[in-house]
Amino acid sequence: MEKFSLGNAVSLPAWETLCPEPFFTGETLKETLIGGQAFRWFWDCTNECWIGGWASHVVALRLNDQRLESARLTSQTTPDDILHYLGIDRVQPWIDQLPCNADPVLESLRQRWSSLSLLRQPAEETLLAFICSSNKQILQIRTMLHNLSIRFGTKIPGTPLSTLPDWKSLANVSEADLRACALGYRAAHIAGTAAFLRESPDFLRTINQLPLADASDALQRLPGVGPKVADCLLLFGYGFAEAFPVDTWIEKILKEKYPDLAKWNRVQLATFARIHFGKAGGLAQQWMFAEARTNK
DNA sequence: GTGCTACCTGG
DNA sequence: CAGGTAGCA
């Protein structure tokens, strides 16, 4: 278990079937929830389910004989909210756009990961999470976000979670107080981005309307956002399926699977990926990440 | 434009 | 060293 737990035993509302058709496996559900896109899902040993949230939503999820079930801990959350967040509807259309038939590497990844989903996460909290992510492992990112939510977020009644602070409130937090959440040098990036967004409150909402390259350039004007974090934001927070974040794991696995790329740098690898994997490359990226992460 | 290196923290 | 970025040769 992690050093921050869910606290006292959580009592859940009724379970309901979220999705009658089988979709996830235990493995793909887990990788979807805690495999590096989201950092606010926790395994509840007592109830044997995942509990987590986004924005002010908190839900429990489990597989019951392949059927996905949910228990809604926040009353305003609807089943459609959950399905929208989980993004299951996008998976098959995106798989259909990948060149699995032409590329045996992809085809073999598809066998294992075809029911992995890319979540539709709120852009604001995706930004916070991925500014924290630089030079950090998933566990440490989870700790930082947990600290931020406890310290500067709002307790969500009837649930073990607090919301993450919004950017407006982060603008009023000193860098020293941010550092106290174990953010290290990222505290300056958070403070700088909060100040930027205070001056341009609509900035994050304008990203949607831009083409991929322009959206990436715009995001990189934010302190703490470079090419890799920008791609994470575009893929996880804005639904650009073509965005292809290249981190150390992806760099390693790409160079293993495609030896000609041995001398390419990360930006070059991202360009290769957009050409080779195409419009849904981001999904291929997540398959590779899951493969690398679970084989380590 | 490309290629280093320092930067916080903790598993 | 770890799911990078910023600042400078």
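Sequence lines set the chain letters: A, B, ... in the order given, protein chains first and strands last, and positions in each chain run from 1. We use all heavy atoms of the structure for the numbers below, so side chains are in, but hydrogens, waters and symmetry mates are not.
Contacts classified as side chain to side chain donor-acceptor pair (under 3.5 Å) and involving residues 51-65 of chain A (residues at least two apart or in different chains) are given here: A:S56-A:Q76, A:H57-A:T77, A:R62-A:E69, A:N64-A:E69. Among residue pairs with one or both ends in residues 262-275 of chain A, those qualifying as side chain to side chain donor-acceptor pair (under 3.5 Å) are A:E251-A:R266; sequence neighbours excluded. Residue pairs meeting the salt bridge (Lys or Arg N to Asp or Glu O under 4.0 Å) criterion with at least one member in residues 74-85 of chain A: none, sequence neighbours excluded. Applying the salt bridge (Lys or Arg N to Asp or Glu O under 4.0 Å) test to every pair with at least one member in residues 28-37 of chain A, sequence neighbours left out, gives these pairs: A:E31-A:R293. A salt bridge (Lys or Arg N to Asp or Glu O under 4.0 Å) check over residues 120-136 of chain A, counting only residues at least two apart or in different chains, returns the pairs A:D89-A:R120. Applying the salt bridge (Lys or Arg N to Asp or Glu O under 4.0 Å) definition to pairs two or more places apart or across chains, none involves residues 208-227 of chain A.
C:dG3 and B:dG3 are spaced 23 Å apart, taking the P atom of each and rounding to whole Å. Spacing between C:dA6 and B:dG10 at atom C1', rounded to whole Å, works out to 23 Å. Rounded to whole Å, the separation between the P atoms of B:dG11 and C:dT5 comes to 23 Å.
Within the 4.5 Å cutoff, the side chain of A:C100 has heavy atoms near those of the A:R110 side chain.
For A:H276, the ring pair (Phe, Tyr, Trp, His ring centres under 6.0 Å) partners two or more places apart in sequence, or in a different chain, are A:Y258, A:F272.
Judged by closest nucleotide on DNA chain C, A:Q37 is the one of A:G224 and A:Q37 placed further toward the 5' end. In this structure, A:P223 and A:D247 both approach DNA chain C, and ranking their closest nucleotides by distance from the 5' end singles out A:D247. Closest-nucleotide positions on DNA chain B for A:S134 and A:Q137 were compared, and the one nearer the 5' end corresponds to A:S134.
Interface limits on DNA chain C: the 5'-most and 3'-most nucleotides within less than 4.0 Å of chain A heavy atoms are C:dA2 to C:dA6.
Atoms NE2 (A:H189) and P (B:dT9) sit 14 Å apart, rounded to a whole Å. Here the P atom of nucleotide B:dG10 and the CG atom of A:L139 are 11 Å apart, to the nearest Å. When the C1' atom of B:dT9 is taken as reference, atom CD1 of A:I141 falls 13 Å away, rounded to whole Å.
Residue A:P245 is classed as having no contact, given no heavy-atom separation below 4.0 Å to the nucleic acid. A:G192 comes within contact range of no nucleotide atom at all, as no heavy-atom separation falls under 4.0 Å. Heavy atoms of A:V225 sit under 4.0 angstrom from primed sugar atoms or phosphate atoms, though from no base atom. Residue A:Q140 is in base contact, counting any heavy-atom pair closer than 4.0 Å across all strands shown.
The stretch residues 172-186 of chain A touches DNA chain B through A:R179, A:G184, A:Y185, A:R186, each having a heavy atom under 4.0 angstrom from the strand. Using a 4.0 Å cut-off on heavy atoms, the residues of residues 250-282 of chain A that approach DNA chain C are A:R266, listed by number.
A side-chain donor from one of A:S169 and A:D166 sits under 3.5 Å from a side-chain acceptor of the other. When only modelled atom types and interatomic distance are considered, A:S162 and A:S149 share no side-chain donor-acceptor pair under 3.5 Å.
Using a 4.0 Å cut-off between a side-chain N of Lys or Arg and a carboxylate O of Asp or Glu, A:R205 and A:D202 qualify as a salt bridge.
Stem analysis of DNA chain B (at least three stacked-register Watson-Crick or G-U pairs, each with both distances under 3.5 Å) gives B:2-7 with C:4-9.
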May I have the list of side-chain donor-acceptor pairs in residues 186-199 of chain A shorter than 3.5 Å, sequence neighbours left out?
residue, atom, partner, partner atom, Å
A:R186, NE, A:C132, O, 3.3
A:R186, NE, A:S134, O, 2.9
A:R186, NH1, A:L183, O, 2.9
A:R186, NH2, A:S134, O, 2.8
A:T193, OG1, A:H189, O, 3.1
A:T193, OG1, A:P223, O, 2.8

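Atom NZ of A:K279 has 12 or fewer heavy atoms from other residues, nucleotides or ligands within 6.0 Å.
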